[in-house]
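Just so it is clear, the model here is predicted, and its values are computed rather than measured. Because only heavy atoms are used, hydrogens play no part in the values below, and waters and symmetry mates are left out as well, while side chains stay in.
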Amino acid sequence: MSEKILVPALGESITEATVVKWLKNKGDQVEADEPLVELETDKVNLEVPTPISGVLSEINSKNGDTVEVGAVLGLISQGKTKVEKTEQVKKTKKIESKKRSEEKSNIINLEIDKKLEPKVEEPLVLMDEAPLVLTDEVGKTENNKQPVILSPAVRKIVAEKNINIDQVKADPRQARDVNEKYQSGESVSQNRLSMVYERQITPQFHFEGNLHFTNREFANKLPFKSGGQVKLSRIFWGGRLMLINSGSLLKIPFHLSFGLEMGDQDDKRRRFDNLEGTKGDKTFDQLEKFQNIGAFIQQEWIINKSFRTTFGIRSDINKLKATDRYLNDGDGTGKRTLNNVNPLIGFVYSIRKNINLYGNYSTHFETPTLNELSNNPDPSSSGGFNPGLNPQYAKSVELGLKGFFNENLFIEMAAFKIDALDEIIPFELPDLPGRTFYRNAGTSFRKGFEFGLNSRLSKGLQMSMAYTYSDFSYGTYQTKSGVFDGNSLPAIPKMLLYGELSYFHISGIYGMIQLQYTGDLYADDANTVKDNAYQLMHMRFGYKKYYSNLMIEPFIGLNNLLNTSYNSNIRMNAWGGRYFEPGSEFSIYGGVSIRFE
């Protein structure tokens, strides 16, 4: 009796994997559920277990081969089956493999052996057959850098472009070939108008109100054909009305705030085929509407000179509607209503003059945006919203201390903990690279500490510093790609440190130097790709001159003085290993700011 070893289902839209390493040899005795072979995709690594106990009688794919989902990796035989060996074929393959390896052993740069048969996919290797590794986005291999093993998809891209590590390091700005083919890029224009009104109506009542209006036009081209060009027109308006009443009850002073917030967003979203940069046929046309009405009330009681408490509650009604105007693939028109009530409780205790201990507990409710809802990963969807994407809920606790410890030193520190349910996480699919979809994580936990200070060292000379430590992790979270329980949340560094030293002269001349440290972080849910820590230094000089209500400020700045190679943005869970967007090299900028005050 024999049992086939099959490539299992690998996750959302993943159709193939690479054989990383066989953990057993042909002819070995194996036990049921024992790890047998390690596979790798661009999203996750996994081990395929032995389906039954027996002998590994056949291996159909070698290390480095690309295999499709459902393909037969090998056979497990039970009983006294004699393992048949084709020694001559095996020796011939070994000789050919050794010959190719020897031919490559003196080559420093990555090269593609054009003599190989087209259908044979050899693993891309460096010299001694080590896997291709890069660190950060530029392929550094310094001793203090943790290497990142690239996915099969990225290896394929490197091979197709015939580029080597030195070339990547020399030009982090280079674009992927398909980005150039489809002329990938984006453009945006935005207009915004806002108005704020405040008035003290009586000694007990104060009124605040604001209105705002935004118009935005957005277009982009993505590196694929079907629906690869997007046009978005957005109109958003909203406002807030709040009345603050100050008084006393039973000789206890209080401040009572209550009010109303309203918002209305209308999006016109269209998609067209991307014919290598030219707009093709329409594939998607949808009108989306998001309306919000929120009412809130907050009461602060001043118990005595040293202690104050705050209680509050907020209720939100959110109505979302999608009207499908492209009916060739069916009518995806639909709507959702998302309502929630969130409480708040807090306190402030004055330890001494100008130094306060504070704490608060609150719940939070965050609806998905129209963009998040309209990007449905289900290929059979005909528009409308993603029914599987839910709002995010959270409970947070914070305890902190802040105040002036002397007339020249202000310090603030706080510890916090946030437990979230259904956190909204971005991801990409291989069939639609560059397009972001969204899903919910089961639970996540955020614990951290923040510290900041501002100090006047002497007349005109000031120093500020801010430090954040973040321990953010998933609780329970799994997808078709794997189980990520306990993994760190991607795109969030463990440590952030910022410092600034500035000098302002009474004449209006000023100068400042800024230092920034960003710690290690992961780029994917599986925590298989790490972006290493980096440091940045910036400087800025200027001159402020006042003419009555007019202020004119010429300035010049120097960014990235150390010319550090770093990633300014991380694309979480990006397909094909394209997680990193390199930051700017050393640059000089300048300008003139004019303000009416």
Side-chain angles (χ1 to χ4, degrees), residues 40-45 130-151 153-154 165 168-169 172 413-418 420 423 425-428 441 444-452 465-475 477 481-500 514-538 559-585:
E40 179 187 60
T41 74
D42 52 273
K43 289 187 177 181
V44 70
N45 283 37
L132 175 63
V133 297
L134 297 179
T135 61
D136 297 334
E137 81 290 1
V138 294
K140 299 177 189 174
T141 53
E142 300 166 3
N143 292 333
N144 62 341
K145 297 289 186 180
Q146 178 64 36
V148 177
I149 299 177
L150 296 187
S151 65
V154 180
I165 292 179
V168 175
K169 184 176 181 179
M413 62 186 75
F416 61 89
K417 184 177 185 294
I418 303 173
E423 180 157 350
I425 304 295
F427 70 100
E428 293 184 7
S444 62
F445 307 107
R446 299 171 180 246
K447 297 178 289 184
F449 176 77
E450 297 174 334
F451 175 84
M465 187 192 78
Y467 170 80
T468 301
Y469 172 78
S470 303
D471 181 11
F472 296 179
S473 62
Y474 291 121
Y477 174 37
S481 302
V483 178
F484 309 124
D485 297 2
N487 285 5
S488 296
L489 267 66
I492 301 174
K494 284 279 187 182
M495 289 189 290
L496 275 174
L497 179 63
Y498 173 84
E500 178 179 296
Q514 301 165 333
L515 300 172
Q516 176 186 330
Y517 171 83
T518 301
D520 297 338
L521 57 84
Y522 291 106
D524 61 336
D525 289 333
N527 289 180
T528 57
V529 180
K530 180 184 285 189
D531 187 31
N532 295 314
Y534 62 87
Q535 305 83 33
L536 296 175
M537 178 186 292
H538 312 298
N559 281 343
N560 195 2
L561 280 170
L562 304 178
N563 201 27
T564 302
S565 296
Y566 71 103
N567 296 310
S568 60
N569 187 47
I570 303 297
R571 296 177 60 88
M572 287 175 55
N573 300 313
W575 175 81
R578 295 176 294 107
Y579 305 99
F580 308 116
E581 295 182 0
S584 299
E585 300 172 345

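With values rounded to the nearest 0.5 angstrom, K447 atom NZ is found 12.5 Å from I418 atom CD1. In this structure, CG on D531 lies 11.5 Å from OH on Y566, to the nearest 0.5 angstrom. With rounding to the nearest 0.5 Å, the separation of NE2 in H538 from CG in N559 is 5.0 Å. Atom CG of residue N567 and atom CG of residue N532 lie 9.5 Å apart, to the nearest 0.5 angstrom. From M572, atom CE reaches atom OH of Y579 across 11.0 Å, with rounding to the nearest 0.5 Å. The distance from atom OH of Y522 to atom NZ of K530, rounded to the nearest 0.5 Å, is 4.0 Å.
D524 places a side-chain N or O within 3.5 Å of a backbone atom of V529 that can act as its donor or acceptor partner. Remark: side-chain polar atoms of N527 are paired, donor with acceptor, to backbone N or O of S488 under 3.5 angstrom. Side-chain atoms of N560 come within 3.5 Å of backbone N or O of S584 as a donor-acceptor pair.
Ring geometry for F451 against F449 counts as parallel: the plane angle stays under 30°, on a 0 to 90° scale with 60° as the upper cut.
Looking at residues two or more places apart in sequence or on another chain, you find a salt bridge (Lys or Arg N to Asp or Glu O under 4.0 Å) between E423 and R446. With sequence neighbours excluded, the residues satisfying side chain to side chain donor-acceptor pair (under 3.5 Å) with D471 are K494.
Residues Y498 and Q514 share a closest heavy-atom pair of OH-NE2, 3.2 Å. The minimum heavy-atom distance between L521 and A491, with the atom names listed, is CD1-CA, 4.0 Å. Taking all atoms of both residues into account, the shortest heavy-atom contact from P582 to S568 is O-OG, 3.7 Å. G486 approaches S473 most closely through the heavy-atom pair O-CB, 4.1 Å. Here the closest non-hydrogen pair linking D525 and N573 is N-OD1, 2.8 Å. Heavy atoms only, all atoms of each residue included: A533 and Y517 are closest at CB-OH, 3.4 Å.
Counting only heavy atoms from C-beta outward, the side chains of I425 and F484 never approach each other to under 4.5 Å. Side-chain contact check for S444 versus L489: some heavy-atom pair is nearer than 4.5 Å. Side-chain contact between M465 and L497: present, with at least one pair of heavy atoms (C-beta onward) separated by less than 4.5 Å. No side-chain heavy atom of L515 sits under 4.5 Å from any side-chain heavy atom of L536. The shortest distance between side-chain heavy atoms of Y477 and N487 does not fall below 4.5 Å. Residues Q516 and Y534 are in side-chain contact: their nearest non-hydrogen atoms beyond the backbone lie under 4.5 Å apart.
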- Task: May I have the step-by-step check of side chain to side chain contact (heavy atoms under 4.5 Å, CB included) for F580 and I570, ending in yes or no?
- Result: CA-CA 5 Å; F580 308 116; I570 303 297; 3.4 Å; yes
